[in-house]
Amino acid sequence: MAALKYAGLDDTDSEDEMPPGWEERSTKDGWVYYANHLDEKTQWEHPKTGKRKRIAGDLPYGWEQETDENGQIYFVDHLNQRTTYLDPRLAFTVEDQPTKMNTRQKYDGNTTAMEILQGCDLSGKVVIVTGANTGIGFETARSLALHGTLVILACRNLQKGNEAKHKILEEWHKAKVEVMSLDLASLRSVQSFAEAFKSRNLALHVLICNAAYLGGPWQLTEDGLEMTFQVNHLGHFYLVSLLQDVLQRSIPSRVVVVSSESHRFTEIKDSSGKLDLNLLSPLKKDYWAMLAYNRSKLCNILFSKELNRRLSPHGVTSNAVHPGNMMYSSIHRNWWGYTLLFALVRPFTKSMDHQENRAFYEMAWRPIKKKYPKSINEQNVEETIRM
């Protein structure tokens, strides 16, 4: 009691009553948290009892949950024609009984994205996910949208993008999901996307560079670069460059680059140890699809690492993630050989909702201090690797 008195927490009649300056709130998932208006901080544990609580049951008859223009949850009492930001079920919370300590790690290969986000209210956050109409990109966008995020599905195929949007809305009709056109094989398309997004004056809290190209025949983009290199790396690099000012205004913000363990099985230097640009965007005679993919993933790693070194002191962090081995996605769609291989190993792979990319949701971020060149030529391509 002496400690409570010293902390100013002993002047209430009930142990569950809030001390002065404290407020009891709830998340969209029904977990109770406590806001200290004096210190401007929040915590899961009750400030006096140290207990965690959750809301039990549905809203009372005549009540409905809504979200305002700022992303804040409020409650409508249709019977008495009034609104409040206080969940009426807070009067009937139950104690969250801690389970027995388990030595198993918090997340593993069976953890779903929805489990990782349990208890998170992401209302008011804005996220762009490239390649979000299928595979890991779709599952990432879906999980974030179902937790209140405004998610921009940046897709080359607008029809498939809209189909993905409708799937998410079928799960929760109030999800905030939009589709915008983005073709990473065209730097002009990347620029148009960035300009269209900026014109809306939205914040940008997370940019997830997920889209990828694997297994297709050798071909050049309209910019004269090998397809795998431009889609997997250079297009994303240019996108981050064009949106860097928005990320800076939205701190703390984050760039997440989906790479792969396959980056270990390649090299981008010549025999003298210098960067070989011909390896990044090879001629047709030197092209092998898998090797081109590996090199692009190595570029992802180098870019993300240097980006984080430069920007993390200023509020934007960058993280490169490996989505996990034995992951069944649609990345094999560009060649029948990979499609056959994926079909054979399908029984042994993990589904998309078991993705291991917890880095998508856990790491912190900050903006780009140095501007990147807007024109893309051979010198700038080398700059994307060396930074």
Side-chain angles (χ1 to χ4, degrees), residues 9 11-38 40-99 112-127 141-153 162 164-179 202-203 205 353 361:
L9 304 180
D11 55 353
T12 56
D13 297 329
S14 169
E15 75 168 7
D16 286 332
E17 188 175 345
M18 290 290 99
W22 286 83
E23 181 185 358
E24 191 175 40
R25 297 177 179 176
S26 62
T27 68
K28 184 180 300 180
D29 294 327
W31 293 95
V32 177
Y33 68 98
Y34 304 91
N36 185 336
H37 296 294
L38 301 179
E40 297 184 350
K41 66 178 182 179
T42 60
Q43 63 188 50
W44 294 110
E45 296 79 14
H46 191 286
K48 290 182 66 175
T49 67
K51 297 177 181 178
R52 293 192 176 202
K53 294 186 176 183
R54 56 183 174 82
I55 291 172
D58 299 326
L59 287 169
Y61 177 75
W63 286 80
E64 184 180 8
Q65 179 177 298
E66 296 287 352
T67 304
D68 65 18
E69 59 184 9
N70 297 318
Q72 296 294 314
I73 297 173
Y74 67 95
F75 301 88
V76 181
D77 181 358
H78 293 289
L79 298 181
N80 298 303
Q81 297 183 348
R82 62 191 179 97
T83 62
T84 176
Y85 284 89
L86 190 67
D87 192 325
R89 296 169 295 176
L90 285 173
F92 308 101
T93 57
V94 297
E95 185 177 346
D96 181 35
Q97 297 292 340
T99 57
T112 67
M114 295 296 286
E115 290 172 340
I116 292 172
L117 288 173
Q118 174 67 37
C120 294
D121 182 6
L122 301 178
S123 300
K125 300 297 183 182
V126 181
V127 178
R142 166 184 170 269
S143 302
L144 292 170
L146 294 180
H147 284 78
T149 306
L150 167 58
V151 181
I152 308 295
L153 311 183
N162 282 308
K165 172 184 174 180
H166 292 314
K167 287 181 181 178
I168 297 172
L169 292 175
E170 285 175 359
E171 291 194 60
W172 186 35
H173 71 282
K174 294 183 180 180
K176 299 176 182 178
V177 187
E178 300 180 14
V179 181
L202 293 172
H205 301 101
D353 63 344
Y361 319 107

Check your understanding: How long is the span from the OH atom in Tyr85 to the CZ atom in Phe75, to the nearest 0.5 Å?
Key -> 11.0 Å
Check your understanding: Run the side-chain contact (heavy atoms from CB on, under 4.5 Å) check on Val32 and Leu90 step by step: do they pass?
Key -> CA-CA 8 Å; Val32 177; Leu90 285 173; 3.9 Å; yes
Check your understanding: So Trp31 and Thr93, side-chain contact (heavy atoms from CB on, under 4.5 Å) or not? Walk me through it.
Key -> CA-CA 9 Å; Trp31 293 95; Thr93 57; over 6 Å; no
Exercise for review: Taking His37 for its side chain and Gly21 for its backbone only, find out whether a donor-acceptor pair lies under 3.5 Å.
Suggested key: no
Check your understanding: Among pairs that include at least one residue of residues 59-77, which meet salt bridge (Lys or Arg N to Asp or Glu O under 4.0 Å), considering only residues two or more places apart or in two chains?
Key -> Glu66-Lys174, Asp77-Arg82
Practice item. Apply side-chain contact (heavy atoms from CB on, under 4.5 Å) to Trp22 and Gln43, showing your working. Key: CA-CA 11 Å; Trp22 286 83; Gln43 63 188 50; 3.4 Å; yes
Exercise for review: Answer whether the closest heavy-atom distance between the side chains of Thr42 and Asn36 falls below 4.5 Å.
Suggested key: no
Revision key, fill the gap. Of all heavy-atom pairs linking Glu178 and Leu150, the shortest is OE2-CD1, 3.9 Å
Exercise for review: List the steps, then state whether side-chain contact (heavy atoms from CB on, under 4.5 Å) holds for Ile55 with Val94.
Suggested key: CA-CA 6 Å; Ile55 291 172; Val94 297; over 6 Å; no
Point to revise | Val151, Ile152, Leu153 screened by side chain to side chain contact (heavy atoms under 4.5 Å, CB included) with Val179, the one that passes | key: Leu153
**Study point:** Least distance between heavy atoms, Ala145 atom then Ile168 atom
**Key:** CB-CG2, 3.9 Å
Revision key, fill the gap. Value for NZ (Lys176) from CG (Leu146), rounded to nearest 0.5 Å, stands at 13.5 Å
Review point. Any donor and acceptor pair, going by atom type alone, linking the side chain of Arg89 with main-chain N or O of Gly57 inside 3.5 Å?
Key: yes
Practice item. Report yes if the side chains of Tyr33 and Glu23 come closer than 4.5 Å at any heavy-atom pair, otherwise no. Key: no
Point to revise | Any Leu79 side-chain heavy atom under 4.5 Å of Tyr61 side chain | key: yes
Review point. Side-chain contact, heavy-atom cut-off 4.5 Å: Leu59 with Pro88?
Key: yes
Practice item. Mind checking the NZ-CD spacing from Lys51 to Glu95? Nearest 0.5 Å is all I need. Key: 4.5 Å
Review point. Taking all non-hydrogen atoms of both residues, which atom of Ser143 and which atom of His147 are closest, and how far apart?
Key: O-ND1, 2.9 Å
Practice item. Working to the nearest 0.5 Å, report the span between NZ of Lys41 and OH of Tyr34. Key: 14.5 Å
Check your understanding: Looking only at heavy atoms, which two atoms of Pro47 and Met18 are closest? And how far apart?
Key -> CD-CE, 4.2 Å
Review point. Closest heavy-atom contact between Pro19 and Lys48?
Key: CG-CG, 3.8 Å
**Study point:** Residue pair Trp63 / Val76, side-chain heavy-atom distance below 4.5 Å
**Key:** no
Check your understanding: To the nearest 0.5 Å, how far apart are CZ in Arg142 and CG in Leu169?
Key -> 12.5 Å
Practice item. Kindly check if the number of other-residue, nucleotide or ligand heavy atoms within 6.0 Å of CD (Glu171) is above 12? Key: yes
Review point. In this structure, are over 12 heavy atoms from other groups packed under 6.0 Å from Asn80 atom CG?
Key: yes
Point to revise | Atom pair CD1/OG of Ile73 and Ser26 - distance to nearest 0.5 Å | key: 6.5 Å
Check your understanding: With a 4.5 Å limit on heavy-atom distance, are the side chains of Val177 and Trp172 in contact?
Key -> no
